[in-house]
Amino acid sequence: MREPSRLRQPVLDWYSENARDLPWRRPDATPWGVLVSEIMLQQTPVARVLPIWTDWMARWPTPGHLAAQPPGEAVRHWGRLGYPRRALRLHGCAQAIEAHHGGVVPSDYATLRALPGIGDYTAAAVASFAYGGSHAVLDTNVRRVLARAVQGDEYPPNSTTAAERKLAEALIPPLGAARWAVAVMELGALVCTARAPRCADCPITAQCAWRLAGKPAYEGPARKGQTYAGTDRQCRGRLLAVLRQAHGPVPKAALDVVWHDPVQRERALDGLLADGLAEALDGDTFQLPA
DNA sequence: AAGACGTGGCG
DNA sequence: TCGCCAAGTCT
């Protein structure tokens, strides 16, 4: 990018006019609120996160509040957000923050990155959005916008490459890195979408390499389609739903009725136990982890 | 390093 | 209808 500002300024101006009013973006949002939102937003649409986040923050307004609860309560109030191991990891974050960081969400990337469930993206996002840090924030939205606008490809590579990271870092403005990061993400989420991009509403359509090339179809390897019906994942979801709603010990018979195949059912239950999402009181009774 | 890991809405 | 996709992380 010879002139990063050719890309940045229009996106920043667009964001000023089109940013959604999300609670974790408001001035009164705490670093804890930002961290909670980022974990919840992993692979999960904003609309589904909103009500869970609101309930969660009212219930546990600080890491200390959550850390004082058994992990099963985090899993219970995670509801049907999906990927419930995130609830366990968020609980782990709260405990680590209490035990090792004085109850304060860390502000530097490396410390955040060491917390459970916090990878490259989330560490960069929390450091940027909660503390105004300057990092390359590479999520699926940003990767797609850069793939199109700069590389001229419809989609980014299947996994993040060094080239993508280098490009993202080159685009970080000297001032206002966090606002730039959230602005590109928002553009990817609202306009430069995966399926049917709204190029007519795009602030950088004039300089978008992909559009200028005539929107050539994606050529890379097919992205892995995720099946769900009939999988262990679906089975685990059914079993965990029973435990979540139970508010107490659940006899095995109550789990047996939600999945027909006993082999798969046993495997899924063992998986939940191994993951710490459930625990056995005895051989025949189960509950969320206390 | 490919695959596991939830769930539901949309085109 | 049904496959694709959503602010990824971990092993």
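Naming convention: chains lettered A, B, ... in sequence-line order (proteins, then strands); numbering from 1 in each chain. This one's a predicted model, so the numbers in the text were calculated from it and none came from an experiment. We use all heavy atoms of the structure for the numbers below, so side chains are in, but hydrogens, waters and symmetry mates are not.
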Could you tell me how far apart Asp270(A) (CG) and dC5(B) (P) are, to the nearest whole angstrom? 13 Å
Categorize Asp120(A) for me: base, sugar-phosphate, or nothing, with a 4.0 angstrom heavy-atom threshold over every strand shown. sugar-phosphate
If you compare all heavy atoms of Ala278(A) against all heavy atoms of Leu273(A), which two are closest, and at what distance to 0.1 Å? O-CD2, 3.4 Å
So which one's nearest nucleotide on DNA chain C is more toward 5', Gly188(A) or Gly117(A)? Gly188(A)
Does atom CZ of Arg267(A) have more than 12 heavy-atom neighbours, drawn from other residues, nucleotides or ligands, at distances under 6.0 Å? yes
What about Trp14(A) and Met185(A), same hydrophobic cluster or not, with Ile/Leu/Val/Met/Phe/Trp/Tyr joined at side-chain heavy-atom distances under 4.5 Å? yes
Phe129(A) near the nucleic acid: base, sugar-phosphate alone, or nothing, with a heavy-atom cut-off under 4.0 Å? nothing
Please determine, for the side chain of Glu38(A), which listed nucleotide (dA7(C), dA6(C), dG6(B)) has the closest atom? dA7(C)
What's the CD-P distance between Glu164(A) and dG8(C), to the nearest Å? 13 Å
Quick one: label Gly82(A) by what it contacts on the DNA or RNA (base, sugar-phosphate, nothing), any heavy atom closer than 4.0 Å. base
Euclidean distance for P, dA6(C) against dA1(B) (whole angstrom): 24 Å
Close side-chain approach of Val46(A) to Trp24(A), heavy-atom, < 4.5 Å: yes
Hey, is the side chain of Gln43(A) poking within less than 4.0 Å of OP1 or OP2 on dA6(C), counting only N and O atoms? no
Can you check whether His247(A) reaches Arg76(A) side chain to side chain, under 4.5 Å on heavy atoms? yes
Candidate nucleotides dA6(C), dA7(C), dC5(B), ranked by approach to the side chain of Asn141(A) - the nearest: dA7(C)
Measuring to OP1 and OP2 of dC10(C), would you say a side-chain N or O of Tyr83(A) lies under 4.0 angstrom away? no
Mind checking the P distance from dA7(C) to dA4(B)? Whole angstroms is fine. 23 Å
Provide, to the nearest angstrom, the distance between the CZ atom belonging to Arg89(A) and the C1' atom belonging to dG8(C). 9 Å
What about Thr44(A), does its side chain sit under 3.5 Å from the base of dG6(B) through a donor-acceptor pair? yes
So, is Arg80(A) near the phosphate of dG8(B), with a side-chain N or O under 4.0 Å from OP1 or OP2? yes
OP1 or OP2 of dT11(C) sitting under 4.0 Å from any side-chain N/O of Arg85(A)? no
Close approaches to DNA chain B from residues 15-31 of chain A, in residue order (heavy atom, under 4.0 Å): none
Can you check whether Gln287(A) reaches Leu281(A) side chain to side chain, under 4.5 Å on heavy atoms? yes
Using a 4.0 Å heavy-atom cut-off, does Thr122(A) contact any base of the nucleic acid, only the sugar-phosphate backbone, or nothing at all? sugar-phosphate
Salt-bridge test for Glu266(A) and Lys252(A): reply yes if a basic N is under 4.0 Å from a carboxylate O, no otherwise. yes
Give the rounded distance in Å between these two atoms: CZ of Arg76(A) and P of dG6(B). 17 Å
Student check: side-chain heavy atoms of Gln151(A) and Leu146(A) closer than 4.5 Å: no
Of Arg89(A), Arg236(A), Arg86(A), which meets salt bridge (Lys or Arg N to Asp or Glu O under 4.0 Å) against Asp275(A)? Arg236(A)
Select base, sugar-phosphate, or nothing to describe what Thr140(A) touches, counting heavy atoms under 4.0 Å on all strands. sugar-phosphate
Give one of base, sugar-phosphate or nothing for Leu240(A), where a contact means two heavy atoms less than 4.0 Å apart. nothing
Please identify which of these residues, Gln42(A), Arg113(A), Glu38(A), meets the side chain to side chain donor-acceptor pair (under 3.5 Å) condition with Thr122(A). Gln42(A)
Could I get a table of every N or O pair under 3.5 Å where one atom is in the protein and the other is in nucleotides 9-11 of chain B?
none

Please determine if a side-chain N or O atom of Tyr228(A) lies less than 4.0 Å away from the OP1 or OP2 oxygen of dT7(B). yes
May I ask you to check whether over 12 heavy atoms, not counting those of Lys166(A), lie within 6.0 Å of atom NZ? no
Would you classify Ala194(A) as touching base, sugar-phosphate or nothing, given that sugar-phosphate means primed atoms plus P, OP1 and OP2, and contacts are heavy atoms under 4.0 Å? sugar-phosphate
